[in-house]
Protein chains: 2
Amino acid sequence: MSTPTEEPAWKQRAVERSTQAAKRRAEQRVERFLDAAQAIMAEKGTTDFTVQEVVDRSKQSLRSFYQHFDGKHELLLALFEDAMSKSAEQLRVLATEQSDPLDRLRVVVQELFESSRPDPATQQQPLFTDFALRLLMSHPAEMRVANAPLLALFTQLIQDLEDANLLRPGFKAKRVAALTMQTVMFNAQSSGQDAAHPLTAEEIWDYCAHGITGND
Amino acid sequence: MSTPTEEPAWKQRAVERSTQAAKRRAEQRVERFLDAAQAIMAEKGTTDFTVQEVVDRSKQSLRSFYQHFDGKHELLLALFEDAMSKSAEQLRVLATEQSDPLDRLRVVVQELFESSRPDPATQQQPLFTDFALRLLMSHPAEMRVANAPLLALFTQLIQDLEDANLLRPGFKAKRVAALTMQTVMFNAQSSGQDAAHPLTAEEIWDYCAHGITGND
DNA sequence: CGAATCAGAGAATGACATTCTCACCAAGGA
DNA sequence: TCCTTGGTGAGAATGTCATTCTCTGATTCG
């Protein structure tokens, strides 16, 4: 049972070094798959690429792909988490430019709405839409993880509102945050698909902020 | 070019009769496919059945399936439209039981929320969730058609609100209707998937009715 | 009866994801 | 230097579906 406690330090370091080298190599390969996938999505505008396409594009092999990813799903998830996290970052920055707590939330809601609607201009939109919905149904837990950064931002912004006594009495910041985030993203999605009801960012903000009746 | 204008009436009737008979038969077959699919979904709780399963269950043939449906997609769509339409009916009935316009909307919102969340008890829930999202992405036009009955109900209810001066000034009933419907259904979906934030029907109603701030 | 249409059985096809086989090669240890 | 080993490339094999195709028997109608 007793493990050899006399592992020479140099050996440990050597193992460590080669382990780190291997890790670095692996990360590079993963990166190449990720980049290839992103490029393909940008070109085709959907998440409907084949694993083979990614493999070819990245000039690696199927063998290697499945060595690094559990499957196509993992690849999508990685890209999605990344995109969500980056998006949360951007929005957070945007928020800091506003001093009024209500304005902070407003700009974030409106910008999230704009960036969540399908737009042929920007690249990585499909992730925010196409894949997000599939993920919601198939892997809610992973969806929660991917949403976490954005949810944290919303929670904080609404907490600020609460501190400023601007949150409707009886509401819990965290729950309103989740509700608002989902509402904005989903409605951006479904309205964007539809040329007839192109909701505006202002409309959705008015709705979220004041509700249907606009009073108690 | 001149078609025989002297088609004997009896012949026309005969053709008509056989056409109608054929139509009746076709409808029966379609029904059997539909029923089989519904039964399978109820059993398995998802829309992830194979066409083969439906065919076997309905004791018909693949040949026949593709004769009557353009593909699996058409089958799903048929079931979805049907479910949405039935649901809109039920909700409409529920609404008539309330005399106050705001209560009418409230009960509809709350019931739609409850019936849209994934619940192992009732049968045809998966359609309201699983498939709806796929449809939204892949065939927005058909989605719009399927949503029409429910949207009409919401529009009417909110129009009533407007007439009673209970709609926030500046809001258009039709747009608020779409926004509210989607918000309720989507949030039911995403909250239901998540054991941690089980939103309540009351919460979502408060949110939709009064918004985040609850005032102007 | 004979031609046309319908429907069942199930094989064939085509797209994919995923797995498996084989051959190579580079780095580390003996 | 030789051997072992882990990671790779190439690409064939498998498995699951949807969708199409072929063959064949039945039903209908003149």
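Nothing here was measured: the structure is a model prediction, and the numbers come from that model. Any value given below was found using the heavy atoms of this structure, including those in side chains, with hydrogens, waters and symmetry copies removed. Convention: sequence-line order gives letters A, B, ...; per-chain numbering from 1.
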Point to revise | B:Asp35: salt bridge (charged side-chain N to carboxylate O under 4.0 Å, His left out) partners, not counting sequence neighbours | key: none

Practice item. Mind checking ring pair (Phe, Tyr, Trp, His ring centres under 6.0 Å) for A:Phe186 and listing every partner two or more places apart, or none if nothing turns up? Key: B:Phe186

Check your understanding: Given atom CD of A:Gln60 and atom P of D:dA10, what is their separation to the nearest angstrom?
Key -> 10 Å

Revision key, fill the gap. For A:Ser85, the side chain to side chain contact (heavy atoms under 4.5 Å, CB included) test, sequence neighbours excluded, returns A:Pro149

**Study point:** Below 4.0 Å: OP1/OP2 of D:dT28 and any side-chain N or O of B:Arg25
**Key:** no

Check your understanding: In whole Å, what is the span from the CZ atom of B:Arg134 to the C1' atom of D:dA18?
Key -> 13 Å

Side chains of residues 68-81 of chain A: which donor-acceptor partners sit under 3.5 Å, not counting sequence neighbours?
from    : atom 1 : to       : atom 2 : distance (Å)
A:Lys72 : NZ     : A:Phe49  : O      : 2.6
A:His73 : NE2    : A:His139 : NE2    : 3.2

Review point. Rounding to a whole Å, what distance do you find between A:Arg29:CZ and D:dT8:C1'?
Key: 6 Å

**Study point:** Side chains of A:Arg106 and A:Gln98, donor plus acceptor under 3.5 Å
**Key:** no

Review point. For the pair made of CZ in A:Phe69 and C1' in D:dG7, what is the distance, rounded to whole Å?
Key: 16 Å

Identify all side-chain donor-acceptor contacts of residues 175-184 of chain A below 3.5 Å with residues at least two apart in sequence or on another chain.
from     : atom 1 : to       : atom 2 : distance (Å)
A:Arg175 : NE     : B:Glu203 : OE1    : 3.2
A:Arg175 : NE     : B:Glu203 : OE2    : 2.3
A:Arg175 : NH2    : B:Pro198 : O      : 3.3
A:Arg175 : NH2    : B:Glu203 : OE1    : 2.9
A:Thr180 : OG1    : A:Val176 : O      : 2.7
A:Thr180 : OG1    : B:Tyr207 : OH     : 2.6
A:Gln182 : OE1    : B:Ser190 : OG     : 2.4
A:Thr183 : OG1    : A:Leu179 : O      : 2.7
A:Thr183 : OG1    : B:Asn187 : ND2    : 3.0

Exercise for review: Round to a whole Å and report the spacing from CD of B:Gln67 to C1' of C:dA9.
Suggested key: 15 Å

Practice item. Going 5' to 3' through nucleotides 10-21 of chain C, assign each nucleotide B (protein heavy atom under 4.0 Å from a base atom), S (under 4.0 Å only from sugar-phosphate atoms) or - (no protein heavy atom that close). Key: -B----SSBB-B

